[in-house]
Amino acid sequence: MGRNKLYAILSSACAAGYIWLIIIYHRNVSLAIEPGVCLIKRITGVPCPSCGSTRSVLSILKGNFADAIFWNPFGILIMIILLIAPLWMVYDLASQNDSLYRFYIRAELFLKRTWIAIPAILLVLLNWVWNIAKGL
């Protein structure tokens, strides 16, 4: 994937994430009420590994990190990406640099290593089991 395509995808994903958070935040949806957008859960009745991520990010925005971890630890990663990626892209575009793209390539190569990929997959599966056990 080229730099421009990566930046377009990241920009779109971050914009969609911010728009979704604004909609949910301003609707004053209680964290106890499921927003109900997960297609996997709607179709199968079983939560996916990312179920609870919106509630996790909303918990972070309210300063409640314990709840954020309970809802879904991936929410912390999502929040970090939502904060850092746009700033990094603006920096790269302003300085005519490609440091985010180079970081992405290095991260992709790192995650492809078996000794990293297998534990990462196991963590996702454990999170999924935890989401099911919590009854998300």
Side-chain angles (χ1 to χ4, degrees):
M1 174 181 328
R3 178 194 140 175
N4 292 341
K5 186 174 181 179
L6 174 67
Y7 287 21
I9 290 170
L10 269 175
S11 297
S12 299
C14 286
Y18 280 118
I19 291 167
W20 176 245
L21 286 174
I22 289 167
I23 290 168
I24 292 298
Y25 194 79
H26 287 296
R27 282 180 44 198
N28 291 326
V29 174
S30 167
L31 292 178
I33 299 172
E34 182 176 347
V37 296
C38 180
L39 291 176
I40 292 172
K41 185 169 182 181
R42 281 186 180 213
I43 292 169
T44 67
V46 179
C48 74
S50 67
C51 277
S53 294
T54 299
R55 289 170 280 183
S56 178
V57 171
L58 289 173
S59 293
I60 292 168
L61 291 173
K62 292 182 178 189
N64 194 335
F65 293 97
D67 279 355
I69 291 171
F70 171 77
W71 285 118
N72 196 323
F74 292 154
I76 296 168
L77 181 61
I78 292 167
M79 192 69 195
I80 290 169
I81 292 169
L82 282 172
L83 291 172
I84 293 174
L87 297 173
W88 202 342
M89 284 185 286
V90 167
Y91 167 78
D92 273 3
L93 293 173
S95 65
Q96 297 182 351
N97 200 342
D98 65 349
S99 62
L100 176 59
Y101 178 69
R102 286 184 279 122
F103 173 80
Y104 168 79
I105 297 298
R106 286 192 311 269
E108 187 177 41
L109 290 173
F110 179 75
L111 291 171
K112 284 182 178 180
R113 295 178 179 161
T114 305
W115 64 276
I116 295 295
I118 290 173
I121 291 167
L122 289 175
L123 283 173
V124 171
L125 290 175
L126 281 172
N127 191 57
W128 193 9
V129 169
W130 188 38
N131 279 349
I132 294 168
K134 290 186 293 192
L136 280 183

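This structure is a prediction, so every number in the text was calculated from the model and none was measured. Just so you know, these numbers use all the heavy atoms, side chains as well, and skip hydrogens, waters and symmetry mates. For the single chain, residues carry numbers from 1 onward in sequence order.
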Inter-residue atom distance [X].[atom1] - [Y].[atom2], 0.5 Å rounding:
{"X": "Ser56", "Y": "Ile76", "atom1": "OG", "atom2": "CD1", "value": "5.5 Å"}
{"X": "Asn64", "Y": "Arg55", "atom1": "CG", "atom2": "CZ", "value": "14.0 Å"}
{"X": "Ile40", "Y": "Trp128", "atom1": "CD1", "atom2": "CH2", "value": "7.0 Å"}
{"X": "Leu100", "Y": "Leu87", "atom1": "CG", "atom2": "CG", "value": "11.0 Å"}
{"X": "Ile132", "Y": "Asn127", "atom1": "CD1", "atom2": "CG", "value": "10.0 Å"}
{"X": "Leu123", "Y": "Ile118", "atom1": "CG", "atom2": "CD1", "value": "12.5 Å"}

Can you give me the closest heavy-atom contact between [X] and [Y], atom names plus distance?
{"X": "Trp71", "Y": "Ser59", "answer": "CD1-OG, 3.4 Å"}
{"X": "Ile116", "Y": "Phe110", "answer": "CD1-CZ, 3.4 Å"}
{"X": "Arg3", "Y": "Asp98", "answer": "CD-CB, 3.8 Å"}

Are [Y] and [X] connected into the same hydrophobic cluster when the rule is that any two of I, L, V, M, F, W, Y join if their side-chain heavy atoms are below 4.5 Å apart?
{"X": "Leu111", "Y": "Trp115", "answer": "yes"}
{"X": "Val124", "Y": "Phe70", "answer": "no"}
{"X": "Ile81", "Y": "Ile60", "answer": "no"}
{"X": "Ile69", "Y": "Leu61", "answer": "yes"}
{"X": "Leu126", "Y": "Phe74", "answer": "no"}

| said: Assess the residue pair Lys134 and Asn131 against the criterion (side chain to side chain contact (heavy atoms under 4.5 Å, CB included)); give the C-alpha distance rounded to whole Å, side-chain angles, the decisive distance to 0.1 Å, and a yes or no. | reply: CA-CA 5 Å; Lys134 290 186 293 192; Asn131 279 349; 3.2 Å; yes
| field | Parallel, tilted or perpendicular: rings of Trp88 and Phe103 (30°, 60°) | value | tilted
| request: Kindly indicate, with the supporting measurements, whether the criterion side chain to side chain contact (heavy atoms under 4.5 Å, CB included) is fulfilled by Ile24 and Val57. | output: CA-CA 11 Å; Ile24 292 298; Val57 171; over 6 Å; no
Could you check if a side-chain atom of [X] sits within less than 4.5 angstrom of a side-chain atom of [Y], using non-hydrogen atoms only?
{"X": "Ile9", "Y": "Met1", "result": "yes"}
{"X": "Asn72", "Y": "Ile78", "result": "no"}
{"X": "Val129", "Y": "Leu125", "result": "no"}

| request: Look at the side chain of Tyr101 and the backbone N and O of Tyr7, then say whether any donor-acceptor pair between them is shorter than 3.5 Å. | output: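 Here the side-chain-to-backbone pair does not exist.
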| field | Qualifying residue for side chain to side chain contact (heavy atoms under 4.5 Å, CB included) with Tyr104, from Glu108, Arg106, Arg102 | value |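 With Tyr104 as partner, Glu108, Arg106, Arg102 yield a single side chain to side chain contact (heavy atoms under 4.5 Å, CB included), made by Glu108.
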| query | Do other residues, nucleotides or ligands put more than 12 heavy atoms under 6.0 Å from Tyr91 OH? | reply |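 No - once you tally the heavy atoms of other residues, nucleotides and ligands closer than 6.0 Å, there are 12 at most.
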